[in-house]
There are 2 protein chains.
Amino acid sequence: MDGNIRFMDNISKTEIPIGVVASATSTRVLEALTQLREDIISGILKPGEKLRVQHLKSKYGVGAATLREALSLLVSESLVTATAQRGFNVAPISLQDLKDISETRTMLEVQAAVESVKHGDEEWEVQLIGAYHRLTKVEEGTEDLANSSTAIWEQRNIEFHEALVAACPSRWIRQFRSILHTHSERYRRLSLQTVGVSRNVHIEHQEIFDAAMARDTKTLVKVLTNHIDKTFDVVYQMVKEDPSLNPIT
Amino acid sequence: MDGNIRFMDNISKTEIPIGVVASATSTRVLEALTQLREDIISGILKPGEKLRVQHLKSKYGVGAATLREALSLLVSESLVTATAQRGFNVAPISLQDLKDISETRTMLEVQAAVESVKHGDEEWEVQLIGAYHRLTKVEEGTEDLANSSTAIWEQRNIEFHEALVAACPSRWIRQFRSILHTHSERYRRLSLQTVGVSRNVHIEHQEIFDAAMARDTKTLVKVLTNHIDKTFDVVYQMVKEDPSLNPIT
DNA sequence: GGTATAAAAAATATCGACATTTTCTATTTT
DNA sequence: AAAATAGAAAATGTCGATATTTTTTATACC
């Protein structure tokens, strides 16, 4: 997924973009950025790991300046940290951070969803129905998703949550929510191999969808909070029990 | 989420930095970054303006790659936007954006302050008292602050608000709050020459300080919300009435 | 043995030069 | 005259080379 790089083609209103925006022709920076993001989220580049420019430039096939620029842009998403004279590191992980992310994400995503439901028009409904339908297809397809399906599920899960909050008028809430969702996904991918092993995620998504379409704000708050909590619980247990994933003692 | 608090007792309190971190020796990137940020917030570099690397590199006395890296890091703070093959721009402004910033900032800052009051220890109190004292000195010094004092007031105002929320355990809320505070300051500086012309800001700060020290959450929420609203009102009127500041129709 | 010190190695940070793409401008075409 | 087009100018994006700083390793010292 493109994370916080927004392809603006389907945004109708005169919204001002925040952050990096892609355009027709790509650049080496964008390519490196996309690959680096995926490698960080997937855990190929490990949490806290030092990102040596000299070493990585050959790996990603770009010059030093280009790689540094890509890494600098990833600081925007808090996936990379930069320290003067000491280079770049992959953002570290911790149980504390996971909890913080989940709680803050709940606050922002619930707010965004409520506002979205309040302001959403017919077009928003159509987009949400579409996103929900695509997500349903892949979630009902298999008991535990195969490796290939996982990537598709991840993409559609992101798109569903994006569609849910798309009508929230606050660009800032949407942006912050998106960043936290990415980090949430990172923790999930670092700790879990498959989706929905010990819970039926689709039921949760269905509840969210139904409440949103019914404009039932109260229920929406409840089921959405529950959804994020459940994700947290599962990941938290895994991270806690796997010392290799948990650099913090 | 509160239901999971019990698992958190053994979570380490070690804080992980988000974003760019300075170290003992500075770098050309950091110098350019600092100057660029100041120039954007102060309006020397105008909202929406194209940031030509070729032109600016001589102005800031650095190479192209270094300048690009500084600009890329400013994307983290949403002060600069980057578009592939089309370079960098100063983040645009709009009335809509100002409203969004103020509302989102209220949500985050109130939350952060309440949590900070809840968790703040003696050291937090000491730091807050110090920050408040330094702010008071400059706010009571003059009726309308002279140009030289304005810069000091801005610095101390930031430090006071930072100190207020310093004990909030959520790094993410603090980070997002800080970004929005910077943007809020930018709008204020773009529209107002001096502080406290039509209102006594210090009384508001005093109310905030008193409520925080008394751990009176309810009052704190009220006066802090009021404070951000008031700032918004003043700036909104100025921006609205000054077409040169308002590129959005 | 552990600590301080100095040389060596590695990595970061930085610049200038060049290729590619976009933007501007003048000319031609309908 | 407006639109399309082609050439010129400007700006972006990119890389390799190099100075500076940090980190590691080896050596000497108490």
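Worth saying up front: this structure is predicted, and the values here are computed from it rather than measured. Note on naming: letters A, B, ... go to the chains in the order of the sequence lines (proteins, then strands), and numbering restarts at 1 for each one.
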**Study point:** Any side-chain heavy-atom pair of T83(A) and F88(A) under 4.5 Å
**Key:** no

Exercise for review: Write down the distance between CG (L73(B)) and C1' (dT14(C)), rounded to a whole number of angstrom.
Suggested key: 15 Å

Study note, to complete from the structure: Between CG of L71(B) and C1' of dT12(D) the distance, given in whole Å, is 12 Å

Practice item. Check whether more than 12 heavy atoms from other residues, nucleotides or ligands sit under 6.0 Å from atom NZ of K50(A), and answer yes or no. Key: yes

**Study point:** Value in whole Å for how far the C1' atom of dA13(C) lies from CD of E31(B)
**Key:** 12 Å

Review point. Do NZ/NE/NH1/NH2 and the carboxylate oxygens of R28(A) and E69(A) come within less than 4.0 Å?
Key: no

Check your understanding: Between R52(B) and R52(A), which is nearer to the 5' end of DNA chain C once each is assigned its nearest nucleotide?
Key -> R52(A)

Exercise for review: May I have the distance from K50(B) (atom NZ) to dA11(D) (atom C1'), rounded to whole angstrom?
Suggested key: 7 Å

Review point. Do the rings of H183(B) and W172(A) sit parallel, tilted or perpendicular, given the 30° and 60° boundaries?
Key: perpendicular

Practice item. Evaluate the side-chain proximity of R186(A) to T182(A): yes if any heavy-atom separation is below 4.5 Å, no if none is. Key: no

Point to revise | Interatomic distance where OH belongs to Y60(B) and P belongs to dA13(C) [whole Å] | key: 21 Å

Between the protein and nucleotides 14-19 of chain D, are there any N/O to N/O pairs under 3.5 Å, and if so, what are the atom names and distances?
from	atom 1	to	atom 2	distance (Å)
dT14(D)	OP1	R28(A)	N	2.1
dT14(D)	OP2	V29(A)	N	3.2
dC15(D)	OP1	R28(A)	NE	3.3
dC15(D)	OP1	R28(A)	NH2	3.0
dC15(D)	OP2	G63(A)	N	2.7
dC15(D)	OP2	T66(A)	OG1	2.9

Exercise for review: Using only side-chain N and O atoms of R86(A), determine if any of them is under 4.0 Å from OP1 or OP2 of dA13(C).
Suggested key: no

**Study point:** Salt bridge E185(A)-R188(A), side-chain N to carboxylate O under 4.0 Å
**Key:** yes

